[in-house]
Amino acid sequence: MKKISIALSLILALTASSFIIHMQQQEETLKHVVVFKYKENASKADIKKVTDAFRALQDKIPGITDFEYGINNSPEGKNMGFTHVYTLTFENAAARDTYLPHPEHKKFGELLGTLGVLEDAFVVDYHPAE
């Protein structure tokens, strides 16, 4: 009987730990990585407009704590034409979920459509692992 009680206590502790870890992940920083492949005829001026508008979202949408931008310079040649990387850091997943339908984010998408410079994009979101 004592062994069963210990086993049940261990199972309950592991279940509680898993739940706590899951809840903490909901509150952890979230990275939102967007990688663009611009059309060959995209001008540097238009790409700068896109980058500036993307950067400005940090001041317009709550929960964005950081913005990073860079151009691929990998010598491996495996970028498949995707060249420009934009990373938004959010306070947590809830902040990202607020950002996605936000009117300012929609305006940014409209700018991309108006400029007509984007060939393709992909997005990856993740909680940084320790």
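Under the side-chain contact (heavy atoms from CB on, under 4.5 Å) criterion, S43 pairs with A45, D46, sequence neighbours left out. For the side-chain contact (heavy atoms from CB on, under 4.5 Å) test, residues two or more places apart in sequence or in another chain that qualify with D125 are L30, H32, R96, V123. Judged as a salt bridge (Lys or Arg N to Asp or Glu O under 4.0 Å), and not counting sequence neighbours, K39 has no contacts. Evaluation of the side-chain contact (heavy atoms from CB on, under 4.5 Å) rule for P101 yields no partner, not counting sequence neighbours.
Note that the CG atom of N72 and the CG atom of N79 stand 4.5 Å from one another [nearest 0.5 Å].
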Distance-only check: which donor-acceptor pairs under 3.5 Å involve side-chain atoms of residues 50-66, not counting sequence neighbours?
{"from": "T51", "atom 1": "OG1", "to": "I47", "atom 2": "O", "distance (Å)": "3.0"}
{"from": "T51", "atom 1": "OG1", "to": "Y86", "atom 2": "OH", "distance (Å)": "2.9"}
{"from": "D52", "atom 1": "OD1", "to": "R55", "atom 2": "NH1", "distance (Å)": "3.2"}
{"from": "D52", "atom 1": "OD2", "to": "K48", "atom 2": "NZ", "distance (Å)": "2.7"}
{"from": "Q58", "atom 1": "NE2", "to": "T65", "atom 2": "O", "distance (Å)": "3.3"}
{"from": "T65", "atom 1": "OG1", "to": "T89", "atom 2": "O", "distance (Å)": "3.2"}

Name every donor-acceptor pair, under 3.5 Å, that has one atom in a side chain of residues 104-121 and the other anywhere in the protein, sequence neighbours excluded.
{"from": "E104", "atom 1": "OE2", "to": "K107", "atom 2": "NZ", "distance (Å)": "3.4"}
{"from": "H105", "atom 1": "ND1", "to": "L100", "atom 2": "O", "distance (Å)": "2.8"}
{"from": "H105", "atom 1": "NE2", "to": "Y99", "atom 2": "OH", "distance (Å)": "3.1"}
{"from": "T114", "atom 1": "OG1", "to": "E110", "atom 2": "O", "distance (Å)": "3.0"}

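Under the 4.5 Å side-chain contact rule for hydrophobic residues, V35 and I71 do not share a cluster. Each of L88 and Y126 belongs to its own hydrophobic cluster when Ile, Leu, Val, Met, Phe, Trp and Tyr are linked at side-chain heavy-atom distances under 4.5 angstrom.
For the pair K37 and F82, the cation-pi criterion (under 6.0 Å, within 45° of the ring axis) is fulfilled.
In this structure the side chain of T98 never reaches within 4.5 angstrom of the side chain of F90, judged on heavy atoms.
Side chain of H84 to main chain of G70: no donor-acceptor pair is present (N/O by atom type, distance under 3.5 Å, no hydrogens or angles).
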